[in-house]
Amino acid sequence: MGGDRDGNPNVTAKVTRDVAFLSQWMATDLYTREVDSLRFELSMGRCSDKLAILADEILLQEASYEDQKNENWVEPVNRKNGHYRQSLALPTQLPADADFPSCTESQYSTVELPGNLSRQKRTSSAPTRLNSIKTSSEISSGTISGEGNRPPTKAACLTKGASFTSSQLLAQRKLFAELETGRSSFRKLLEPSLNQRPGIAPYRVVLGNVKDKLIKTRRRLELLLDDLPCEYDPTEYYETAEQLLEPLLLCHESLQSCGSEILADGRLADLIRRVATFGMILMKLDLRQEASRHSEALDAVTVYLDMGVYSEWDEDKKLEFLTRELKGKRPLIPPSIEVVPDVKEVLDTFRVAAELGTDSLGAYVISMASNASDVLAVELLQKDARLSVSGELGKPCPGGTLRVVPLFETAKDLRAAGSVIRKLLSIDWYREHIIKNHNGIQEVMVGYSDSGKDAGRFTAAWELYKAQEDVVAACKEFGIRVTLFHGRGGSIGRGGGPTYLAIQSQPPGSVMGTLRSTEQGEMVQAKFGLPQIAVRQLEIYTTAVLLATMRPPKPPRETKWRTVMEDISENSCHFYRSVVYDNHDFLPYFHEATPQAELGFLNIGSRPARRKTSTAIAHLRAIPWVFAWTQTRFVLPSWLGVGAGLKHACTEGYMHDLQAMYKEWPFFQSTIDLIEMVLAKADIPIAKHYDEVLVSESRRGLGVELRKELMMTEEYVLLVSGHEKLSENNKSLKRLIESRLPFLNSINMLQVEILKRLRQDEDNKKLRDVLLVTINGIAAGMRNTG
C-alpha cells in the first residue's frame, strides 16, 4: 500500500511520502517504548570506560544546556488562532539588592570602596554573580576589580551614616567573602561535578539520551506529515539505523565486559536485532508503475526540447538516447517545463523517491515491461530526479538508487524476457551500474496473474518456467547473479499454492540462495496472522530455498518431455483464448453469471478493478477476474484449457510420457496437483444454479458447454495422475473441503438470491451489505481466493 500505483489514481507521490513517514513514525514509536523499558531494567553503575565517558559527555551537555537556558530566559509566547502573541516579559536579571542579606542595610554605614566593590546598579552586560573579593593589600591599594582592572566609579550607599572605620571595613569584607563562599557551596550542592555524583547509572544516562533523540525523531516526522516547517538539528534525531545502533551496541559491549552477559543477551539484544532487521522504516516500500507511463513522461520532455516524440522512436534509437543521457552529468528535464497532471505525477514520484532514497524504499517495479528501453527509461528519470534534489539540498540524496525491476507478465513478454535481459546487460553502462550499485545482482519479476488471464493456467506455468530458465542463462553469460521475484497470488489461477511445493518445482539454478515472492489477499492473514504460524511459514521458505539451492530440482529427463509440454501448452492456450477472447457471448455471460460487476461497488479491493474504463477482459485486473469465478465455485481461470491440452496429448500417443512426467518431473507434478486441488473445490451443481437464476436464457448454452469441459478436465487430470478420485493424495484437504460444504452451499444459495434482487434494485444499500457478508463467507470457505 502506498507504493503500487499501477492503474491506481489514489496512490500519488504525496501518499507514498506519507506512507514512508508513517512507517518511520511507527518504528520510532516502537523503539521508544522498548528503550524506556530498558532504562528501567539497566540500573547498575558498573560499566566499561567507553560507556562511562559517553555518559559523562551526555551529562556535561545537559548541564551546559541547562546553564544556557537559565542565563538566557526566553520571553514566553501564547499561541492563539495560529498566531503567536507576546505576553508580559519575565525579568532578564536579578534585582539590584538580591545578592545581599537584609541585615546589611541596618548594620553598616555608607562607605566608598576602592575598585568599585560597592553595590551598584547592574546593567544588562554585567555578570549576575558577585565579583570575588581580593586580599586586603589589594583592597587598600585600590586594585580590586570584578571585570578586569576597571577604573573606580561612583560608590553606592549601603545605608545613611558616617564613613567606615577600619574594623567596619574588615567586617564588610568578611561578609562579602562569606556570601561568595555560600553561593559557591550551594551551586556545588545542586550541581556536583561528574566524578562526585553518587548513584549515577550510566546505562540510564545513555539510554535516556537515546530516548530523547527518538522522541525528537518522532516529533520531526509528525511535523513533516503535517507539512509544517521542521528546523531540528540533524544531531538531535536519528536518520539511519546505524546511528541508533551505535549507543545500543556500546551498552551491549559494556554489559558483556562487566560480566552481565544475561542482561546483554536479553531485551537489549532483542532490540539490537530489531533495529538491524527493520531499520528506521520497519519495511521498505516497493514502487510500481506501468511502463507506458514512463514513455508518456519522456514524450513530454523530448517534445519540450524539440527532440521529437520518444514513443515513436524504434528500440535502437531509444537505447542510444537513454544511454547517452545516463552517461551525462547534467539533468535532462528543465525546471521550467510544464506538463499534464499524469506526467507531473510520474515526475513527482521520482522526486519523492530521490528524497527518501534506499533507506525507505526498495525496488522500482515496471509493470508490463517488454523492452530494454523500459528499464533504462526508469534509470534516466531516477537519475534526473536525484540530480535535481541533491542540487536543491546542497548534499547527496539519502541512500543509493532504487533497484529497477522489470516485470514480465503476458505470455509474449515472458517469451522475450531472456532476450531483454541480454540486451540490457550488453550495454556497458548498465552492466557497470549493476555491479557498482547493486552488488552485481539483477532482479527480475515474473507475473503469474496476468499471464494466467492472458493464456490460461497451464500455458502460463510453462511460459514462466521457460522464462526463468532463459533469464538465469542470460545473467550467467555476463557474470551477473539474478534474483527472481515471483508475483504470486493466493489462488491457483494466480500462481498460488503450497509454498514448499512451488519453490521445489522451480527450474534448476533459478533459486541460488535468494528468492522474492509476494503474499497477497487473505493469504497474508492465513500465513502470518499468528506468531507461531508466521514462524512456521518462514521456516518453510527457508527450508525450501536452502534445498533448492543445494539440491536443485530435476530438469526434464528427456528432450521429448519438452516437446510434449509445448504441444499441451499450445492447444491449451488456443482453447482458452477461443472461449475467453474470441467468443462474443463470453463477456456478457461472465458479467451475468458472476458478481464481478457488484464487486466494483463494494470497495473491498486495494485499487480499481480495471486498468482502463473499458469493460473488456484484457483491461480487467487478474484479482477480480479470479475472485468472481471463485465466488460461483466454478473457478474457471484455474482449469480452462487444461483438459483440451491433455486430451490432445493423449490422442497423439503421449499418455505414458505424461504419466512418467508426473512421477519424475517436480514441475509437471506440482502443476497437475494444483489443478487437481482446484477441481476438488469446484462444484458443478452450484455453478449451474448461478446460471439458471442469473444468466439470460440465450447464453445458458455457453454455461452448459463449460461445465462439460470441467468434467472432461477432471477425467484427464485423474488419468495422468493415476488417482481414482480428486485429492486422493491429499486426504486432509479433502476432509477440510467436505467439512465446509454445508456452510458454503447455504451461503452460495443466499448469494444467488441477493444478486437477483440487487440487479432489480441497484441502489439498495442493505442488499449490498448482505452481499458483502456472503462474499466474505465464500472467500473464507474457499481459502486461496486472492
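Just so you know, these numbers use all the heavy atoms, side chains as well, and skip hydrogens, waters and symmetry mates.
Arg204 is linked by a side chain to side chain donor-acceptor pair (under 3.5 Å) to nothing, counting only residues two or more places apart in sequence or in another chain. Ser390 meets the side chain to side chain contact (heavy atoms under 4.5 Å, CB included) test with Cys397; sequence neighbours excluded. For the salt bridge (Lys or Arg N to Asp or Glu O under 4.0 Å) test, residues two or more places apart in sequence or in another chain that qualify with Arg351 are Glu392. Listed by chain and residue number, Val511, Val545 satisfy the side chain to side chain contact (heavy atoms under 4.5 Å, CB included) test with Thr549 (two or more places apart in sequence, or in another chain). The salt bridge (Lys or Arg N to Asp or Glu O under 4.0 Å) check on Lys50 picks up nothing, with sequence neighbours excluded. Scored by the side chain to side chain contact (heavy atoms under 4.5 Å, CB included) test, Ile53 finds Glu57 as partners (sequence neighbours excluded). Under the rule for a side chain to side chain donor-acceptor pair (under 3.5 Å), Thr28 has no partner lying at least two apart in sequence or in another chain. With sequence neighbours left out, Thr401 forms a side chain to side chain donor-acceptor pair (under 3.5 Å) with no residue at all. Scanning for side chain to side chain contact (heavy atoms under 4.5 Å, CB included) contacts around Thr12 gives Lys14, Val15, Glu345, with sequence neighbours left out.
Pairs passing the salt bridge (Lys or Arg N to Asp or Glu O under 4.0 Å) check and including a residue from residues 352-364, sequence neighbours excluded, do not occur.
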Identify every side-chain donor-acceptor pair in residues 271-286 under 3.5 Å, counting partners at least two apart or on other chains, and give the distances.
| from | atom 1 | to | atom 2 | distance (Å) |
| --- | --- | --- | --- | --- |
| Arg273 | NH1 | Asp270 | OD1 | 3.0 |
| Thr277 | OG1 | Arg273 | O | 2.8 |
| Lys284 | NZ | Thr358 | O | 2.8 |
| Asp286 | OD1 | Ala363 | N | 2.9 |
| Asp286 | OD2 | Arg516 | NH1 | 3.3 |
| Asp286 | OD2 | Arg516 | NH2 | 3.0 |

Below 3.5 Å, can you tabulate the donor-acceptor pairs from side chains in residues 214-221 to any protein atom, sequence neighbours excluded?
| from | atom 1 | to | atom 2 | distance (Å) |
| --- | --- | --- | --- | --- |
| Thr217 | OG1 | Lys213 | O | 2.7 |
| Thr217 | OG1 | Tyr238 | N | 2.9 |
| Arg218 | NH1 | Asp29 | OD1 | 2.7 |
| Arg219 | NH1 | Glu222 | OE1 | 3.3 |

